[in-house]
Amino acid sequence: MTKKTRNIIYLLVFVLVLLVYGLYNFTKTKDIDTLIAEPMLELTAEDLISYLELHKNTNDKQYLEKVIAIKGVVKEINNLNERHTILLKGGKDDATLIICDMNPSQSIEFKKLKPGDTVNVKGIYKGFLKDVVLLNCVIANKKTND
Amino acid sequence: MIKPVIAMLFLVALELTSYQEKIIARQGNVSFFSYTSVENIKAENNQVLSIIDLENSKIAVSMLMNAFVFEKALMREHFNESYIESDIYPKATFEGEIIDFNPLQEGSQTKMVKGVFTMRGISKELEIKTKIEKLNDKYILSGVFEAVVNDYDIKIPPLLAGNIAKTILVNFRFEYDPYEN
């Protein structure tokens, strides 16, 4: 095998490895980065719950797994299960809430919150049981009652 | 003579009404573990809903399958798209009864919870040993049970069969507050 042939083989192997690596990265499943993702939908907590209650029997999945932004009033903040969670008021008599499981990067913002604050929260919509579930939430901006 | 009787009746009535009829856990924790020599898989869901009717000891649990959080995004994708098919079966539920439950007993008690667990449209009877703790108005239920993958018709490709345990260990912990609605 000449030196030239050997170099060509090395080059081909290198290009092949590069291609496989590129393909792997291209097809690799990644979590949605809610910090930079543009929300598909922006609305108030009340409007979201009204919409979901209206469509709960229609198997409406258009917002499932999508980033949505919600403006609402904080009912409760807690650290249950060692997770930072915000509960937003929404439904009639607070029967239905919006549960926002916070992205760990939001620790500082989370600690500044208190019940009664109005916040804009962005997160991945996971579905609706008795309450609306949003994961990986970030605070878009915060308006306090102070 | 009448006064002590009235006082006693009042105390009994107070005792009987000293707990809410229903309690709710909106942020219940359910986690599962699959241990194999190839890899360990862990996922948890922190938004599991559960309601207990203290009058008849009935318990209901409901969870969104796509709300399980995994270490790796690819694991989550396989779980939702290939194994659980969460777009077709978005929820898993449990409906049952806490046997011989005394809702007035402060402190800790261990009871059997008997009921039907439904996942992927398949229902199985389960009996789960559960620790129940009560402190004032707050109740905490916790326990662990095993779920057999084959029972729920979960199809695992032969290539990945070694990566997923045949029996999955499931842990749960629910903190209940009075249900005011």
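Reminder, nothing fancy here: chain letters follow the sequence lines and each chain counts from 1.
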Exercise. Quick check: are there more than 12 heavy atoms from other residues, nucleotides or ligands sitting under 6.0 Å from CD of B/Glu127?
Worked result: yes
For this session: To the nearest 0.5 Å, tell me how far A/Thr85 OG1 sits from B/Asn46 CG.
Result: 7.0 Å
For this session: Give the cluster check for B/Ile154 versus B/Met75: same hydrophobic cluster or not, with ILVMFWY residues linked at side-chain heavy-atom distances below 4.5 Å.
Result: yes
Exercise. Hey, does B/Tyr179 have a side-chain heavy atom less than 4.5 Å from the side chain of A/Lys130?
Worked result: yes
Exercise. Out of curiosity, A/Lys126 NZ to B/Leu64 CG, how far, rounded to the nearest 0.5 Å?
Worked result: 9.5 Å
Exercise. With the 4.5 Å side-chain cut-off for hydrophobic clustering, are A/Leu43 and A/Leu134 part of the same group?
Worked result: yes
Problem set entry | Enclosure of B/Glu71 CD (heavy-atom neighbours >12, cutoff 6.0 Å) | no
For this session: Go through the atoms of A/Asn78 and report whether side chain, backbone, both or neither lie under 4.5 Å from a heavy atom of chain B.
Result: side chain
Exercise. Just wondering, are more than 12 heavy atoms of other shown residues or ligands nearer than 6.0 Å to CD1 in A/Ile108?
Worked result: no
Problem set entry | Interatomic distance, B/Asn80 atom CG to A/Glu65 atom CD [nearest 0.5 angstrom] | 6.5 Å
For this session: Against chain B, label A/Leu64 side chain, backbone, both or neither, depending on which of its atoms sit under 4.5 Å from a heavy atom there.
Result: side chain
For this session: Could you tell me which portion of B/Lys72 (side chain, backbone, both or neither) has an atom closer than 4.5 angstrom to a non-hydrogen atom of chain A?
Result: neither
Exercise. Got more than 12 heavy atoms from elsewhere within 6.0 Å of CG, B/Leu159?
Worked result: no
Problem set entry | Minimum-distance pair of heavy atoms, taken over all atoms of A/Leu129 and B/Gln47 | CD1-O, 3.9 Å
Problem set entry | Distance-minimising heavy-atom pair for A/Leu135 and B/Ala67 | CD1-O, 3.8 Å
Exercise. What do you reckon, is NZ of A/Lys61 surrounded by more than 12 foreign heavy atoms closer than 6.0 Å?
Worked result: yes
For this session: Kindly indicate whether the side chain of B/Gln27, heavy atoms from C-beta on, has any atom under 4.5 Å from the side chain of A/Asp101.
Result: no
